[in-house]
Participant: 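Following this message is one structure expressed as structure tokens.
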Amino acid sequence: MSIMYSSTRNEQIRLTASQAILKGLADDGGLFVPDHIPSLDVSVEALAEMSYQETAYEVMKLFLSDFTEEELKDCIRKAYDSKFDTEEIAPLVQADGAYYLELFHGATIAFKDMALSILPHLLTTAAKKNQVKNEIVILTATSGDTGKAALAGFADVKGTKIIVFYPKNGVSPIQEKQMVTQKGENTFVVGINGNFDEAQTGVKQMFSDPELAKRLDEAGYQFSSANSINIGRLVPQIVYYVYAYAKLYANGVISKDETVNVVVPTGNFGNILAAFYAKNMGLPIGKLICASNENKVLFDFFRTGAYNKNREFILTSSPSMDILISSNLERLIYRIAGNDAQKNAAFMKALADSGQYEITDEMREQLLEFYGNYAGEQETAQEIRRLYENTGYVIDTHTAVASAVYRKYLKETQDTETKTIIASTASPFKFTRSVMNAIDAKYDSMTDFELADELSKIGNVAVPHAIEEIRSAEILHDTVCEVCEMQNTVKKILGIKE
Ligand SMILES: *Cc1c(COP(=O)(O)O)cnc(C)c1O
């Protein structure tokens with residue numbers, strides 16, 4: 001059955017998957033959602049035999065129903081290749097009773113690679129399918145990891161340009177170095193004097209500005225988004241939950257239809273939403289455990305039903321989760337409002353006007369499959385040290401937030417029987433200083449690259465290629481602007497008059 005996509009704020013807007021991927025965000029500011037969630041049509045026995053690429057096809061064909069088999073398989077083949085440093089693409093590692101799903105074996109050693117290595121191919125295929133003549137301009141706000149993963153994915157992809165905005169003082173030194181050394185004629189990196197939410201809001205405003213769209217079109221350009229709001233990002237993320245479940249079954253860890261829990265370190269709510277979609281496809285997931293850092297808007301939301309972003313923005317050691325507006329939550333709100341675009345639009349208007357909204361009791365009842373909690377900075381560091389000391393396994397700060405929240409969940413619920421997958425979203429080499437400081441304060445005086453070498457020794461893992469690469473790389477991008485200058489910066493890059 002073919003699937004159409006409508007806006008979370010207006011049911012009248014209906015597009016095919018390829019059109020929704022091209023647009024990224026709906027004209028009314030809403031997010032594209034499938035008109036129904038398809039059911040998995042392969043058995044777990046069959047999935048257990050499949051490679052990551054084969055699993056990706058089985059999942060993605062159901063959502064991207066206007067792509068031909070050949071087109072989709074071509075995209076998958078180009079995405080999940082030797083850019084990943086392991087043939088499994090997303091290996092599972094057992095440590096201390098949980099299963100860490102390592103989503104960081106791609107080009108930029110963070111989980112964004114899982115989707116951003118395929119998005120450029122989905123996008124250029126979608127452009128061909130829809131006879132798009134304009135050059136596609138990818139406009140992205142990043143809290144650190146999306147930026148580099150998008151740059152790596154789109155660099156030198158024909159018919160595209162990519163412009164990335166990041167908070168100048170809100171990403172790790174390694175994240176920044178990764179971005180500002182990006183090669184590729186079509187890549188542009190801009191630091192802003194503001195935080196991630198301001199960057200994201202600025203980008204969203206440009207997307208929903210009809211005057212700007214007109215100016216772009218005249219110049220032969222059109223925007224598209226690589227942010228996690230694009231369904232071309234969301235759909236590939238469903239794959240690894242299905243893959244991980246099938247691997248647990250194949251390895252005899254779980255029996256057929258056995259329920260597993262999933263823990264996801266959450267920022268923009270994209271990764272955990274993908275797990276929710278996987279569950280709705282029929283994958284036996286029990287609790288969806290949403291882990292936040294000290295920016296615990298989502299924890300408060302799951303506890304009280306009130307979403308309130310009016311609070312201090314805290315910079316933490318898990319910067320990719322330093323977010324006060326979790327964009328993808330809108331898809332869940334739409335869903336629990338009974339797929340009612342009008343109701344959802346009212347909540348989103350309240351969020352835009354006053355920074356808060358409160359859902360109804362009826363809506364809250366549908367959130368029982370979610371469990372939210374958070375880990376503070378000390379708890380996160382302690383979890384890194386505890387796991388390392390007990391097992392020798394080293395995790396990054398984001399994964400540690402999830403791992404610490406899982407411990408809290410166990411304490412609170414005694415649900416020790418259910419096998420649990422923890423999404424491991426970044427390599428510890430990406431956040432080396434925080435990770436090594438958590439393990440032992442004596443590392444404080446070392447340089448970042450010395451720390452990477454030391455981590456390699458104590459964790460018994462090779463320094464990833466992505467880190468080796470930037471040791472000596474040249475800085476190619478140094479543009480910095482104020483939040484209010486974002487639009488003019490884009491115009492300048494594209495050669496459009498102000
Ligand atoms: C982006 C990111 C997250 C948060 O994922 P969302 O899909 O935005 O919730 C967590 N950890 C890392 C390392 C990330 O890069």
Side-chain angles (χ1 to χ4, degrees), residues 31 100-116 119 140-153 164 166-167 170-172 174-175 178-179 196-197 199-200 225-231 233-238 240-241 262-278 288-293 295-299 301 316-332 370 372 374-375 380 384 395-405 422-432 434-435 464 466:
L31 276 54
Y100 291 82
L101 176 60
E102 294 188 347
L103 302 173
F104 56 74
H105 288 275
T108 73
I109 57 175
F111 104 97
K112 306 282 192 301
D113 290 326
M114 300 304 295
L116 281 166
L119 182 70
T140 289
T142 184
S143 55
D145 288 337
T146 305
K148 178 61 187 185
L151 287 162
V164 171
Y166 73 97
V171 301
S172 82
I174 288 191
Q175 284 178 318
Q178 279 188 309
M179 287 192 280
F196 170 69
D197 281 322
Q200 177 157 264
S225 157
N227 271 25
S228 64
I229 48 178
N230 193 311
I231 60 133
R233 286 272 307 271
L234 194 56
V235 171
Q237 291 178 0
I238 302 169
Y240 45 75
Y241 292 108
V262 169
V263 191
V264 186
T266 297
N268 228 348
F269 209 75
N271 200 1
I272 195 166
L273 188 78
F276 175 70
Y277 279 9
L288 295 151
I289 300 172
C290 175
S292 302
N293 64 23
N295 294 291
K296 58 183 183 62
V297 191
L298 288 166
F299 165 72
F301 171 70
T316 73
S317 59
S318 45
S320 302
M321 298 160 67
D322 290 346
I323 285 174
L324 295 181
I325 303 178
S326 298
S327 300
N328 268 297
L329 186 68
E330 179 168 348
R331 288 186 164 110
L332 182 65
F370 285 90
Y374 72 102
T380 304
I384 293 172
I395 54 175
D396 98 293
T397 45
H398 302 74
T399 310
V401 168
S403 197
V405 163
I422 297 177
S424 180
T425 51
S427 160
F429 286 93
K430 194 147 192 175
F431 300 94
T432 329
S434 301
V435 168

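Counting starts at 1 for both ligands and their atoms, in listed order. Just so you know, these numbers use all the heavy atoms, side chains as well, and skip hydrogens, waters and symmetry mates.
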Participant: Taking the six-membered ring for Trp and the full ring for Phe, Tyr or His, determine whether the centres of F429 and F104 are under 6.0 Å apart.
Facilitator: no
Participant: Give every pair formed by an N or O atom of ligand 1 and a protein N or O atom closer than 3.5 Å, one pair per line with both atom names and the distance to 0.1 Å, or write none.
Facilitator:
| from | atom 1 | to | atom 2 | distance (Å) |
| --- | --- | --- | --- | --- |
| ligand 1 | 7 (O) | G270 | N | 3.2 |
| ligand 1 | 7 (O) | N271 | N | 2.9 |
| ligand 1 | 8 (O) | N268 | N | 2.7 |
| ligand 1 | 9 (O) | G267 | N | 2.8 |
| ligand 1 | 9 (O) | N268 | N | 3.2 |
| ligand 1 | 9 (O) | F269 | N | 3.0 |
| ligand 1 | 11 (N) | T425 | OG1 | 2.8 |
| ligand 1 | 15 (O) | K112 | NZ | 2.5 |
| ligand 1 | 15 (O) | D145 | OD2 | 2.6 |

Participant: Test of understanding: with side chain to side chain contact (heavy atoms under 4.5 Å, CB included), list the residues that count as partners of A274, not counting sequence neighbours.
Facilitator: L234, Q237, I238, Y241
Participant: Give the ring-plane orientation class for H398 versus F431, where under 30° counts as parallel, over 60° as perpendicular and anything between as tilted.
Facilitator: tilted
Participant: Can you list the residues that meet the side chain to side chain contact (heavy atoms under 4.5 Å, CB included) rule with F301, with sequence neighbours excluded?
Facilitator: Y307, L329, I333, Y357, I359, L367
Participant: For residues T142 and T140, is any side-chain donor paired with an opposing acceptor at under 3.5 Å?
Facilitator: no
Participant: Using salt bridge (charged side-chain N to carboxylate O under 4.0 Å, His left out) as the criterion, list what pairs up with E102, not counting sequence neighbours.
Facilitator: none
